[in-house]
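These values consider heavy atoms only, across backbone and side chains, with no hydrogens, waters or symmetry-generated copies. When a residue number appears, it is its place in the shown sequence, counting from 1.
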Amino acid sequence: MVSLRFPFLFSQPKSRSLSTVTSNATNSCLTSVACAVATGAATLAGITAATHRSKTREQPSLQNALNWLLSNNSSLPWGSLSLADTSPAVVESKTGMSFPSVIFEGRRLLGIGLRKKCVFGLKNIDVYAFGVYADCDQVKKILGDKYGKLITSELKDSKEFKEDIMESDICMTVRLQIVYSKLSIRSVRSAFEESVGSRLKKFGGSDSKDLLHSFTSQFKDEYKIPRGSVIDLSREPGHVLRTTIDGKEVGSIQSKLLCRSILDLYIGEEPFDRQAKEEIQSKLASVL
């Protein structure tokens with residue numbers, strides 16, 4: 001781009017009429033536009049001439065370079081920017097925790113909630129905010145034929161639909177953002193032993209201690225989780241539960257039972273946040 005700059009200052013006249021100022025400003029603007037157009041035309045002409053001259057040469061030409069750029073535009077910065085999701089993040093109002101609308105190349109936010117814990121039977125503390133994500137394209141692909149003709153209100157009340165969401169091999173993520181600044185990784189491990197352990201026993205019987213230990217042992221004492229830390233619990237293809245802390249993977253376990261038990265904490269019959277569960281189910285139903 002060509003810019004026109006003046007290396008000196010105009011002296012301020014003692015008095016000028018409004019019409020004179022307007023006229024000069026207009027002329028200046030027109031002059032700048034004309035220069036810019038002329039410069040652009042000259043640049044285009046230069047490129048065209050260079051391309052024409054290069055046709056007679058055997059070495060790589062400017063035209064070849066231009067053709068390469070056009071044919072590989074998906075790798076250019078402006079190509080990737082045009083595909084970026086521009087949906088705003090969603091903020092949990094009580095804690096101020098922000099959740100992006102899309103994570104992991106296509107998992108969309110279905111709803112957010114808050115995990116509270118009663119301390120000594122006296123008061124509730126906000127432990128973490130959470131958001132539940134799902135690959136909506138997979139939801140349509142896997143469950144579309146079965147539920148696509150039902151209206152949203154029917155799907156929201158369908159127990160079979162809820163079961164299929166938790167049982168199907170649909171990529172989903174539960175993102176936890178730590179709110180309570182004094183929370184330790186040992187407390188997280190203990191809480192999961194209780195909550196996930198009860199779900200494993202509910203869905204898989206008593207013979208699930210080894211599975212529970214495999215999951216909770218991922219939360220090692222060396223990990224620090226100050227306020228704002230992010231824990232992702234993701235169901236990947238093949239019913240693999242992948243756990244990350246602040247973007248670092250700490251373990252993966254292939255278990256349909258474990259994946260279901262984790263999801264049940266947030267969208268099951270006795271969720272941590274009932275209002276969030278209803279929001280998530282409503283969004284899932286609207287996908288179809």
Side-chain angles (χ1 to χ4, degrees), residues 110-121 124-134 142-143 156-180 183-221 223 225 231-245 249-281 284:
L110 303 175
I112 59 176
L114 193 59
R115 170 61 165 141
K116 299 180 179 182
K117 187 71 174 178
C118 184
V119 180
F120 303 121
N124 286 323
I125 62 171
D126 300 331
V127 182
Y128 60 79
F130 66 86
V132 177
Y133 295 79
I142 295 175
L143 301 178
K156 285 173 59 179
D157 298 329
S158 172
K159 290 185 178 181
E160 187 177 3
F161 175 62
K162 299 171 188 176
E163 284 291 311
D164 283 342
I165 288 293
M166 288 199 286
E167 289 286 332
S168 298
D169 194 14
I170 297 171
C171 291
M172 298 183 70
T173 295
V174 180
R175 170 162 291 187
L176 319 180
Q177 293 202 49
I178 305 302
V179 174
Y180 186 53
L183 188 67
S184 67
I185 197 71
R186 183 175 298 180
S187 298
V188 172
R189 187 168 60 239
S190 177
F192 277 138
E193 285 174 351
E194 178 184 348
S195 59
V196 178
S198 65
R199 265 58 173 195
L200 289 173
K201 187 175 181 179
K202 175 182 177 181
F203 299 123
S206 59
D207 189 20
S208 55
K209 292 182 180 180
D210 290 343
L211 179 59
L212 177 62
H213 177 73
S214 297
F215 172 65
T216 57
S217 63
Q218 296 175 138
F219 300 91
K220 303 182 187 304
D221 291 338
Y223 299 125
I225 49 170
I231 300 174
D232 284 333
L233 305 172
S234 300
R235 179 170 67 184
E236 303 295 349
H239 297 280
V240 173
L241 183 74
R242 180 170 60 91
T243 305
T244 65
I245 299 178
E249 183 171 337
V250 298
S252 294
I253 302 172
Q254 197 282 324
S255 172
K256 186 175 182 179
L257 173 60
L258 181 59
C259 290
R260 179 191 174 123
S261 297
I262 293 294
L263 291 174
D264 190 74
L265 298 175
Y266 305 94
I267 59 176
E269 293 300 320
E270 298 178 4
F272 288 150
D273 188 325
R274 190 163 295 277
Q275 183 177 347
K277 171 198 170 180
E278 293 175 357
E279 178 185 359
I280 293 164
Q281 288 183 341
L284 280 169

Below 3.5 Å, can you tabulate the donor-acceptor pairs from side chains in residues 261-272 to any protein atom, sequence neighbours excluded?
unit_1, atom_1, unit_2, atom_2, d
Ser261, OG, Leu257, O, 2.8
Asp264, OD2, Arg199, NE, 3.0
Tyr266, OH, Tyr128, OH, 2.8

Heavy-atom count around Asp221 CG within 6.0 Å, excluding the residue itself: above 12?
yes
Is a donor from one side chain sitting under 3.5 angstrom from an acceptor on the other, for Ser184 and Ser187?
yes
All salt bridge (charged side-chain N to carboxylate O under 4.0 Å, His left out) counterparts of Glu160, not counting sequence neighbours:
Lys146
Working to the nearest 0.5 Å, report the span between OG1 of Thr216 and CD of Glu194.
13.0 Å
Just verifying a value: how many Å separate Leu241 CG and Ile253 CD1, rounded to the nearest 0.5 Å?
6.5 Å
Does Leu258 reach the side chain of Phe215, with side-chain heavy atoms less than 4.5 Å apart?
yes
What is the distance from atom OG of Ser208 to atom NE2 of His213, rounded to the nearest 0.5 Å?
13.5 Å
Test Ile165 against Leu284 for side chain to side chain contact (heavy atoms under 4.5 Å, CB included), laying out the working first.
CA-CA 9 Å; Ile165 288 293; Leu284 280 169; 3.9 Å; yes
To check you understand the geometry: which heavy-atom pair defines the closest contact between Val179 and Ala129, and what is its length?
CG2-N, 3.6 Å
Do you know the tightest heavy-atom contact between Ala276 and Gly113?
CB-CA, 3.7 Å
Would you say the side chain of Met172 lies within less than 4.5 Å of the side chain of Val132, judging by non-hydrogen atoms?
yes
For residues 251-260, pull every pair meeting side chain to side chain donor-acceptor pair (under 3.5 Å), keeping only residues two or more places apart or in separate chains.
Glu163-Arg260, Glu167-Lys256, Glu167-Arg260, Glu249-Ser252
Pairing of Lys117 and Asp126 as salt bridge, 4.0 angstrom limit
no
Kindly determine whether Leu211 and Leu200 satisfy side chain to side chain contact (heavy atoms under 4.5 Å, CB included), including the steps that lead there.
CA-CA 9 Å; Leu211 179 59; Leu200 289 173; 3.8 Å; yes
Compare every heavy atom of Phe192 with every heavy atom of Leu212, then report the nearest pair and how far apart it is.
CD1-O, 4.0 Å
Is it the case that the side chain of Arg235 and the backbone of Ile170 share a donor-acceptor pair, with hydrogens and angles ignored and the cut-off at 3.5 Å?
yes
Mind checking whether Thr243 and Phe219 have side chains closer than 4.5 Å, heavy atoms only?
yes
Under the 3.5 angstrom rule, does the side chain of Ser214 hit a backbone N or O of Asp210 as a donor-acceptor pair?
yes
Hey, is Arg115 close enough to Asp273 for a salt bridge, meaning N to O under 4.0 Å?
no
Distance, nearest 0.5 Å, that separates CD of Glu193 from OG of Ser217:
9.5 Å
With rounding to the nearest 0.5 Å, note down the distance linking CD1 in Ile245 to NZ in Lys220.
10.0 Å
Test log, rule side chain to side chain contact (heavy atoms under 4.5 Å, CB included), inputs Leu176 and Asp232:
CA-CA 6 Å; Leu176 319 180; Asp232 284 333; over 6 Å; no
Check whether any side-chain heavy atom of Ser234 lies under 4.5 Å from a side-chain heavy atom of Cys171, and answer yes or no.
no
Can you tell me how far CD1 of Ile112 sits from CD1 of Ile280, rounded to the nearest 0.5 angstrom?
9.5 Å
A side-chain contact here means heavy atoms from C-beta on lying under 4.5 Å apart; do Arg186 and Val188 qualify?
no
Greater than 12 external heavy atoms within 6.0 Å of Lys202's NZ:
yes
